[in-house]
Amino acid sequence: MVWIALAGGLAVISVIVWSYRRRASQAGDAAPERYPGSWAARLDEDARVAFREGLRAYQDKVGPLSVGEERGVLTVHDPPRLVSLRLLADRFADLGPEGLHDPEETVRELVAGCVATEQPGVLHLRPGWSPGPVDGMDRAAFAATVREIVCPDGAEGVTGWSADEDSGSLQVTVAARGDEEGNTLLLDLARVLDGYAELRAERPGMPAGALLRDVLFRMLAADDPGLTWTGPPAERHRAVLLAADRHPAN
């Protein structure tokens, strides 16, 4: 009888713990459609709870993560990676009940696949991306100049941005419009710097801002390596950022 009572007590405790964690997850999930690409809305209520549980478990057992729900971006800190939450949510949803059965292991495997392989929606960053000043710009100035070209203050259609000079990345969120979802550009500053160095060798007398603008708009127009989006980009998403060409750097 003691063992039966103990087992019953443990079951009740498990239900209470799950209910508490479920409510905690739902507290930040009142309006999932507000996120770029509607990544949270791609999962039903139970799947969203399980998915977030998996992300928490990854951080506890594998390594630190930052969940940027407002931009739809998961940041893995070691090794440095930017991962589309929409991509992960879609893959989690595709697994159906299998993903809900063991969300911790499922999310760990999904994130591990992105950490291992760069692909659309996944950007691999380069530790120590800036070896030193370039044309008088240290890494903070270089990151700031890139940001000013891609999304100058007041750029129409841009709802937010995040520049990280330490990891060498820029994220720019383009607003949703009508039935078209929002989207977030992910840009690797290390590969921008590579392109800048190559073009500088060809055009030694060109002003730094103009040269960097050419590098960036080539990358944006062609979706070159070092650039990806949290969801497949529509022409409007690119056009919003390419429109910054109306504000040329000096």
I'd like to know if the side chain of W129 reaches the main chain of E165, judged simply by a donor and an acceptor atom lying under 3.5 Å from each other, with no hydrogens or angles considered.
yes
Under a 4.5 Å side-chain heavy-atom rule over Ile, Leu, Val, Met, Phe, Trp and Tyr, are L110 and L43 clustered together?
yes
Does V174 belong to the same Ile/Leu/Val/Met/Phe/Trp/Tyr cluster as W161, with side-chain heavy atoms less than 4.5 Å apart forming each link?
yes
The reported gap from CG in L170 to CZ in R147 (rounded to nearest 0.5 angstrom) is 8.5 Å
Carboxylate-amine/guanidinium contact R191 E118, below 4.0 Å:
yes
Rounding to 0.5 Å, atoms CG (L74) and OG1 (T230) come to a distance of 12.5 Å
Are F51 and V122 connected in a single hydrophobic cluster, I mean Ile/Leu/Val/Met/Phe/Trp/Tyr linked by side-chain heavy atoms less than 4.5 Å apart?
yes
Exercise answer: donor-acceptor pairs, residues 57-65 side-chain atoms, under 3.5 Å, sequence neighbours excluded:
from, atom 1, to, atom 2, distance (Å)
Q59, OE1, L65, N, 2.7
K61, NZ, E104, OE1, 2.8

Determine whether a donor-acceptor pair (N or O, by modelled atom type, separation under 3.5 Å) exists between the side chain of R81 and the backbone of V115.
yes
Hey, are the side chains of F217 and I149 touching, using non-hydrogen atoms and a 4.5 Å cut-off?
yes
Would you compute the distance between atom CZ of R71 and atom CG of N183 and round it to the nearest 0.5 angstrom?
13.5 Å
Search all heavy atoms of R218 against all heavy atoms of D224 and return the closest pair with its distance.
O-OD2, 4.0 Å
Passing candidate, side chain to side chain contact (heavy atoms under 4.5 Å, CB included) with T145, options V150, L216, L212:
L212
Applying a strict under-4.5 Å side-chain criterion to I, L, V, M, F, W and Y, I'd like to know whether L123 and W229 cluster together.
no
For G168 and D188, the nearest pair of non-hydrogen atoms, with its separation, is O-OD1, 3.6 Å
Just how far is it from atom CG of D166 to atom CG of L189, taken to the nearest 0.5 Å?
11.0 Å
Backbone N/O of E181 and side chain of H237: donor-acceptor pair under 3.5 Å:
yes
Out of curiosity, E53 CD to L100 CG, how far, rounded to the nearest 0.5 Å?
12.0 Å
Reported CG-to-CZ distance for the pair L193 and R139, which is rounded to 0.5 angstrom
12.5 Å
Distance-only, no hydrogens or angles: does the T228 side chain make a donor-acceptor pair with backbone N or O of G121 under 3.5 Å?
yes
Using the test side-chain hydrogen bond (donor to acceptor under 3.5 Å, both in side chains), find all partners of R200 that sit at least two apart in sequence or belong to another chain.
D135, Y196
Smallest separation among heavy atoms of L87 and C114, with atom names:
CD2-SG, 4.1 Å
For R91, is there an ion pair with E109 - N to carboxylate O distance below 4.0 angstrom?
no
Quick check on salt bridge (charged side-chain N to carboxylate O under 4.0 Å, His left out): which of R52, R48, R86 does E69 satisfy it with?
R52
